[in-house]
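One structure below.
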Amino acid sequence: MNIILLGPPGAGKGTQARRLVEERGMVQLSTGDMLRDARTSGTEMGKKVAAIMDAGELVTDEIVIGLIDEKLHQSTGGGFIFDGFPRTLGQADALDALLARNGQSLDHVIAMEVNDDALVSRITARSTCAKCGEVYNDITKPIPSDGKCTVCGGTEFKRRADDNEESLRTRLMEYYKKTSPLIGYYHAKGQLRWVPGLGEIDEVAGSIAKILG
Ligand code: AP5
Ligand code: MG
């Protein structure tokens with residue numbers, strides 16, 4: 001089964017994707033995570049990507065489609081969770097073509113609905129484990145009092161460079177301008193499913209599980 005998790009910054013895409021990996025053995029393809037890896041590479045491309053991400057703007061379609069193409073070649077089985085991809089109509093068309101080339105298709109596009117106020121407070125309270133990427137939140141999912149990641153035992157946690165109010169404003173604008181048209185696109189194709197993203201993490205996971213069956 002192949003699914004897209006669609007939603008604004010802070011909707012909970014990464015959090016739910018990691019659960020699906022754990023519970024169903026699916027493969028998470030997060031273009032945000034791939035780009036954060038690329039920016040540490042020290043290459044010219046990495047430097048350009050870093051500046052764009054920090055400002056909260058979208059990286060070019062060409063770069064992200066190339067990253068996804070590469071991963072689709074490498075990974076097999078389990079089904080894919082596209083987390084933060086596609087983000088433009090051009091990326092959505094490219095994904096259809098890439099999946100068709102591999103004899104695959106999309107099963108569900110899960111749109112996560114969260115209001116802007118909740119997104120701001122979620123993102124400004126987020127941190128992640130530096131070792132395994134587990135996502136924490138100062139308010140709703142704090143780092144355990146012993147300072148160890150619940151998944152891998154790592155003791156170093158980091159905050160993202162784009163998790164500040166100014167970049168977040170741009171990220172939200174980019175979402176509404178360039179990504180939200182995908183809601184109409186997938187609705188027209190009969191693939192869109194809405195999930196209320198404001199509930200607790202377990203509740204949201206339950207809503208997604210009902211859709212996936
Ligand atoms: P990306 O990394 O994809 O960031 P994003 O879309 O802005 O989304 P986030 O990762 O911030 O949020 P999330 O929905 O994953 O929420 P999370 O689960 O962490 O992209 C970053 C940048 O890369 C982009 O701005 C762009 O520059 C570039 N990029 C990436 N993909 C691209 C593409 N396809 N095309 C072009 N450019 C691209 O949760 C957030 C917080 O809330 C956490 O603290 C979590 O613990 C908490 N939380 C989660 N669920 C709940 C809940 N139910 N209740 C309470 N708290 C919750
Ligand atoms: Mg994410």
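Start at 1 and go down the list; that is how both ligands and their atoms are numbered.
- Near Ile123, the atoms of ligand 1 lying under 4.0 angstrom from a non-hydrogen atom of the residue are 11 (O).
- Listed by atom number, the atoms of ligand 1 under 4.0 Å from Thr140 heavy atoms are 55 (C), 56 (N).
- When all heavy atoms of Cys129 and Phe157 are compared, the closest pair comes out as CA-CD2, 3.7 Å.
- Near Gly84, the atoms of ligand 1 lying under 4.0 angstrom from a non-hydrogen atom of the residue are 31 (N), 32 (C), 33 (C), 34 (N).
- Nearest protein heavy-atom contact of atom 22 (C) of ligand 1 is Met53 CE, 3.8 Å.
- Within ligand 1, counting atoms from 1 as listed, the ones closer than 4.0 Å to a heavy atom of Gln91 are 33 (C), 34 (N), 35 (N), 36 (C).
- No N or O atom of Asp33 sits closer than 3.5 Å to an N or O atom of ligand 1.
- Within the 4.0 Å heavy-atom criterion, both parts of Arg126, backbone and side chain, lie near ligand 1.
- Residues meeting the side-chain hydrogen bond (donor to acceptor under 3.5 Å, both in side chains) test with Thr43, sequence neighbours left out: Ser41.
- Contacts with ligand 1 closer than 4.0 Å are made by heavy atoms of both the backbone and the side chain of Thr15.
- Interface atoms of ligand 1 facing Arg36, defined by a heavy-atom separation under 4.0 Å, are 2 (O), 21 (C).
- Counting only heavy atoms of the protein, atom 47 (C) of ligand 1 lies nearest to Asn137 ND2, 3.7 Å.
- Residue Gly10 places at least one N or O, backbone or side chain, under 3.5 Å from an N or O of ligand 1.
- Atom 43 (C) of ligand 1 has its closest protein heavy atom at Val135 CG1, 3.5 Å.
- Of the possible polar contacts, none joining the Thr170 side chain to the Glu57 backbone as a donor-acceptor pair under 3.5 Å is found.
- By the 4.5 Å heavy-atom criterion applied to side chains, Val64 and Ile68 are not counted as neighbours.
- By the 4.0 Å N-to-carboxylate-O rule, Arg101 lies close enough to Asp69 to be salt-bridged with it.
- Listed for the Lys13 side chain is a donor-acceptor partner under 3.5 Å among the backbone atoms of Pro8.
- Formation of a donor-acceptor pair under 3.5 Å by the Asn137 side chain with backbone atoms of Arg122 is found in this model.
- Heavy-atom proximity to Gly14, at under 4.0 Å, picks out these atoms of ligand 1: 13 (P), 15 (O), 18 (O).
- Between the Asp107 side chain and the Ile3 main chain, no donor and acceptor come within less than 3.5 Å of each other.
- Side-chain N or O atoms of Ser167 include one that pairs as donor or acceptor with a backbone N or O of Asp54 at under 3.5 Å.
- Using modelled atom types, one side-chain atom of Gln91 and one backbone atom of Arg87 make a donor-acceptor pair closer than 3.5 Å.
- The hydrophobic cluster containing Trp194 also contains Leu182, counting ILVMFWY residues as joined when their side-chain heavy atoms lie under 4.5 angstrom apart, directly or transitively.
- Summarising the local packing, CD of Glu156 is surrounded by 12 or fewer heavy atoms from other residues, nucleotides or ligands at distances under 6.0 Å.
- For atom 31 (N) of ligand 1, the closest non-hydrogen atom on the protein side is Thr31 OG1, 2.8 Å.
- Every heavy atom of Gly7 sits 4.0 Å or more from the atoms of ligand 1.
- The residue among Ile63, Leu35, Val59, Leu58 with a heavy atom at the shortest distance from atom 29 (N) of ligand 1 is Leu35.
- Checking side-chain atoms of Gln28 against main-chain N and O of Arg19 turns up no donor-acceptor pair under 3.5 Å.
- Of all atoms in ligand 1, numbered sequentially from 1 with element shown, those under 4.0 Å from a heavy atom of Val204 are 53 (N).
- In terms of polar-atom proximity, Glu57 is counted as a contact of ligand 1, with an N or O under 3.5 Å from an N or O of the ligand.
- Ligand 1 has no nitrogen or oxygen under 3.5 angstrom from a nitrogen or oxygen of Asp83.
- Protein heavy atom nearest atom 52 (C) of ligand 1, with residue, atom name and distance: Arg122 NH2, 3.2 Å.
- For the residues Gly199, Gly90, Gly12, the heavy atom positioned nearest atom 53 (N) of ligand 1 is part of Gly199.
- When the heavy atoms of Arg87, Lys13, Arg171 are ranked by distance to atom 3 (O) of ligand 1, first place goes to Arg87.
- In this structure, Ala11 is part of the shell of residues with a heavy atom less than 4.0 angstrom from ligand 1.
- Proximity of Tyr136 to ligand 1, defined as any heavy-atom pair under 4.0 Å, is confined to the backbone N, CA, C and O atoms.
- Those atoms of ligand 1 with a heavy atom of Ile201 less than 4.0 angstrom away are 50 (N), 51 (C), 52 (C), 53 (N).
- Put simply, part of Arg160 is less than 4.0 Å from ligand 1, judged by heavy atoms.
- Between Arg171 and Glu174, none of the side-chain N atoms (NZ, or NE/NH1/NH2) sits under 4.0 Å from a carboxylate O, so this pair counts as no salt bridge.
- You'll find the side chain of Glu113 stays beyond 4.5 Å of the side chain of Leu198, heavy atoms only.
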